[in-house]
Amino acid sequence: MEYNAGRKGKYNSAFFVRNIKRRNLMFKTVLSLFIVVVLALIIAAVSNILIRGYVGLGESIRSPEIIFSLKLSLYTSVVSTALCIVFAVPIAYGLVKVNFPGKIVANSILNLPLSLPPVVSGVSLLMLFGGTEFGRSLADLGLKFVFDVKGIILAQFFVNISYMLRIVKSTLEDINPRLEFVSRTLGCTQMQSFFKVTLPLAKNGLIAGIVITWARAIGEFGAALMLVGATRMKTETLPVSLFLNMSTGDLKLAMASASIIITVSIVSLLIFEIIGLKNKSVSKIG
Amino acid sequence: MEYNAGRKGKYNSAFFVRNIKRRNLMFKTVLSLFIVVVLALIIAAVSNILIRGYVGLGESIRSPEIIFSLKLSLYTSVVSTALCIVFAVPIAYGLVKVNFPGKIVANSILNLPLSLPPVVSGVSLLMLFGGTEFGRSLADLGLKFVFDVKGIILAQFFVNISYMLRIVKSTLEDINPRLEFVSRTLGCTQMQSFFKVTLPLAKNGLIAGIVITWARAIGEFGAALMLVGATRMKTETLPVSLFLNMSTGDLKLAMASASIIITVSIVSLLIFEIIGLKNKSVSKIG
Amino acid sequence: MIEIIDLNKTLGDFRLRNINLKIEDNEYFVILGPTGTGKTVILETLAGMYKPDTGRILFDGKETLHLYPEQRNIGFVYQDYMLFPHLNVRENILFGLKLRKTSHEFMEKKLDDILKMLNIDHLEKRYPATLSGGEQQRVSIARILVLSPDIMLLDEPFSALDPRTKQEFQSELKKLHREFKTTTIHITHDFNEAFALADRICIMNKGEIIQVGTPDEIIYHPVNEFVARFIGCDTMKNVKITAV
Amino acid sequence: MIEIIDLNKTLGDFRLRNINLKIEDNEYFVILGPTGTGKTVILETLAGMYKPDTGRILFDGKETLHLYPEQRNIGFVYQDYMLFPHLNVRENILFGLKLRKTSHEFMEKKLDDILKMLNIDHLEKRYPATLSGGEQQRVSIARILVLSPDIMLLDEPFSALDPRTKQEFQSELKKLHREFKTTTIHITHDFNEAFALADRICIMNKGEIIQVGTPDEIIYHPVNEFVARFIGCDTMKNVKITAV
Amino acid sequence: GCTGSNAADTSGNQDSNDSEENTALVEENTENEAETLIVYCGAGLRKPMDEIAQIYEEKFNVKIEYSYAGSAQNLSQIELMQEGDLYVPGAYSYYESAKEKGFTENAQKVVYHIPVIAVPAGNPANITCLADLANPGVKVVLGDERSAAIGKVSQKILEKSGILEQVEENVVAKDATVNEVLVHVSMKQADACIIWEDNVSGVEEVEIVEITEENNMIKTIPVCVLTFSEKKDIAGQFSDYLVSEEGVKIFEKHGFKAITE
Ligand SMILES: Nc1ncnc2c1ncn2[C@@H]1O[C@H](COP(=O)(O)OP(=O)(O)OP(=O)(O)O)[C@@H](O)[C@H]1O
Ligand SMILES: Nc1ncnc2c1ncn2[C@@H]1O[C@H](COP(=O)(O)OP(=O)(O)OP(=O)(O)O)[C@@H](O)[C@H]1O
Ligand code: MOO
Ligand SMILES: [Mg+2]
Ligand SMILES: [Mg+2]
């Protein structure tokens, strides 16, 4: 038997050591390079907006229209994100844990809104809730979506649900099924086990999903525009107001709205980031 | 000592058993309900488009313009997705594994494009690459983005990189660091360990990220429109052609383009789904 | 009483073959066998993780096929602990009790007793990722002891403990068993442990049961050469001393 | 030679205190101690997982502080195996060899030998999630044996094996060690194992080293009551017999 | 009921006109390498402009590259890019804004852009004239007056007829571009709207109700050469072609009306 391949010292030779050092250093350099390039791109692009935007910011932040749209944006994005969580989590669980015929097809259909341009999503929702008997009966029941704030939420939900789902699903797939099983031997029903074990273990993925969904909801306007229009002080979210200003050719005002969106999202993302870190320091190894 | 709380039979009483049965059944029913509701919503909405679109489909699919934009869409979305992977993976790794000052801030900045409406992203890229000395020097070097196909790729990259990053990051966070450590004791450099252990373990998250990024790239047009315009047979992607048809009031043609996008993405998502399943059956418990 | 009747279960290439076992109430039943013979699979099937391919499992005469794991009132200690990584030691241990709506004082009292008994009171606020192997194992044992389940399934519960600690817990467990007579199925590799604890021992090999009997029967009347060789190693001399 | 000089390392509430050890080339060094005393932490520090707070670690007189784990040419068998879940048994075992650009035939030959030696040739295509505890442990051992590292760090490498298999591997390991004289640090709870394998034994408690010596020294001249009590349990009688 | 209101105010009906028509024939470009012109163009003009580009390239070996967007969005693009050759917005007023910002010096008029009332097929609210938009219970969608060219015009038209306030009460939504207005009406979400005549050409779901000439405010589509252009002569030639008989014919084919003065 030749158990002496690579015997003592072979891999420890000066050359080998230096080589590894160099390669690890290179790795770190490459990592930093990638980060710096993308950071620079984003900062350069966004700061262009901020520089132009902050000139008009003081004025526009006080206008009742901007205040209205800020509030509307926050309201609709929070509600639609909450709805996405409520739907995506159980669906993802079902898709991961339960086998049923047609699962692959169901999966692909649930991914569909991902690739629809928002305008198309908007038109299709309009057709469904505006143009069909079904939509009219819903409207009679008080669930009116066309030209209504509820429509903004619906549009954001439709446009975002697939994102949430994909992310939550991929997280759930990585959870050890034995942990859930153990919780059931300890007395959990399937649902309790889901809430007490699966969901907390999926925390990182959930946070990612919420951040993405919420950020998208704050920025979405293509679909909502189609479904509810852009009526001043009624269905005018921040991005709609931005779009309106943009198409008036009023670049300064538009950049001001954009600056507000950017500011709002920087602040919220920072908060998320900090909350995330806090949670982590509790449950991970130092 | 009272170790006899819940002695024999207590939790096995007929009532308890029936109760648990009912609750587990309820859980499954609720799961199915959620899936059915969202599936129905998506199918109803999308089929509206397909029904209208397939009328004009036969004609439009043969037009050289549609064929061109289909090809361009596939080309740009594949390239930009590849770029997103190339950048997002090392960056996510750096953000998860390496501690550096300003990490939280870097993180939030990298999330920023998430919440920018695409048009704003487009404008900011336009300012950067069209209106500055920097952009002009790049163009002199042959890296021309404005009015160029390269610009479509850049726009898709800018709009999508944050998604990819978020998803990959959350997946990497859930990987046991000891596994990487073991690979290093076996002789991997940091980079090898990354490619041979971390990356394969992040597979589920990566697939989710690729699906989302690619699907978004296929549907994106707001940012690209700003940066590269919409020149027939040159920078006309599928969604741009759809947008243009829409603005000439040609709903039928628009729905035809939409149908093509939907068809393309159903097919690709199905393929992804099937590939994903195959991979899984190899490496997971039955 | 647990009855396993003609149980067959195939997992990949592995097959549990014609398992027939009757485990009496209050019995302390130990399963011994080389690695990879299906000991863990039997426990998991009893607990409801796998559905048998054929055969029946009866608890007190009742068919269990359609009982969910949570209806079987079983405590399971996994070979690799399976602590909930998002909960600290205290929360891990109280996990089952909290589901059972017991009074707060009772819960605290019980927790205290168990923490002391297993020498882990200083770990109450720690998360599993920071615990040593033996510490995790003790938490995993504590997690089911607080529940006093009808049946305890212990998959090598002491494998990560040093001999002193192990011995302490063995006698503690024996005492508990004498007091509360919980039916226990215990997998181990340690003959000392097996012979010290078992009312009856089951020897398995390659998915089959080779012999079931009291420790004495196994030692003095092994049914075949495999059993004789399997237990007839050096430690045997020692075993006889401790077991009797 | 491995020298550990005045090593201190704090992890949460736990602290490794003033560890001083000198392990000779070719020595088989066993660490014994109650659970949670820092045995695993020492190995992980040697392997480069943790940076010492203070103190130095020298390999053959060279400072290791700035050596990456992959530069230390160490083989590490984890208490809980740590197999790569995405690779099958064959790929897990060949993981290290593939990095070293050995010839194909050499690799296959080596793989074959090891698979046979550890009795896991039938598992070659299986994934870790489907393996029993003992099977995973053997794959984890095989993964480092194929590499013939300068130093082997074994954290309870036989804890999930039945006594027969364990004994087989012990003698196999002893044989390998005699032949190739790999410096080995081995953590175990099993006194038999310790005394059968060790050139020297180190007894630890609560983050400190209590005694280092040959098996005989430890048995006949324990430095304090803790050591005496820790090793002075029933199995001792047996130990003396096997050890000598 | 319908009453013809104000007397025709010719100067108000049309955008002011300060350039002479230039129909001089363009000379063929004989170079082998095709020159390229970048043209910012209102997205609503896509059909005729695409067709013209094709013909023009064949004839004169000059490639036309469009950047289609809303006319004002085009203006933002021009402002940011500071390059390109021509600008063809949806209404004359955009030319004026561009001139103010110094992007161009003069324009030629191409065709009229005529606002009309559009109603869903079948005309459910029985709209017959502008004043009917003010009838109680009629659901009206309009373009947003800030962003859509059509929005601004509609507001002015309604103002001129003195029914702006009543109509505003009937407005169920305002839309950011003319596209959404059209979609909303064609899906029967509203009883009437005001859009451009050419928007409706080829759309079966809507019917046109013309606005009487005296109530209407007809807009003109201009073409202007940008000051940044480095190929002003070629750009000028294309501009001339657009306003030539040949160019206008193509516009007419797509529902636009030729300039008639
Ligand atoms: N999902 C599965 N697919 C294929 N084979 C499996 C699967 N689960 C278990 N096995 C095989 O079944 C056999 C029995 O496994 P089991 O875990 O019960 O062994 P064990 O007796 O507990 O061994 P140990 O003492 O090593 O833990 C093993 O050979 C294992 O590889
Ligand atoms: N990251 C950490 N944070 C806090 N405490 C830690 C951390 N890692 C280890 N510890 C503690 O350090 C002590 C020593 O751990 P170690 O794993 O070395 O024990 P051990 O001697 O290997 O025990 P065992 O035999 O049970 O495996 C334990 O009490 C453990 O809880
Ligand atoms: O092209 Mo326009 O500005 O929508 O008329
Ligand atoms: Mg097992
Ligand atoms: Mg340990």
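Residue numbers begin at 1 in each chain, while the letters A, B, ... track the order of the sequences.
- A salt bridge is absent between D:Asp53 and D:Arg15: the closest approach of a Lys/Arg side-chain nitrogen to an acidic carboxylate oxygen does not fall below 4.0 angstrom.
- Each salt bridge (charged side-chain N to carboxylate O under 4.0 Å, His left out) pair with one or both residues in residues 78-90 of chain D, not counting sequence neighbours, appears once here: D:Arg90-D:Glu108, D:Arg90-D:Glu124.
- If you measure heavy-atom distances from D:Thr35 to chain C, the contacts under 4.5 Å come from both the backbone and the side chain.
- Counting heavy-atom pairs closer than 4.5 Å to chain C, the top-ranked of the candidates D:Gly33, D:Gly12, D:Gly134 is D:Gly134.
- C:Arg126 and C:Asn88 form no side-chain donor-acceptor contact under 3.5 Å, judged by distance and modelled atom types alone.
- In this structure, the portion of D:Gln79 lying under 4.5 Å from any heavy atom of chain C is its side chain and not its backbone.
- Contact of D:Ser159 with chain C is made through backbone and side chain together, with heavy-atom distances under 4.5 Å.
- For residues 194-211 of chain D, the set of pairs meeting the salt bridge (charged side-chain N to carboxylate O under 4.0 Å, His left out) definition, not counting sequence neighbours, comprises D:Glu27-D:Arg200.
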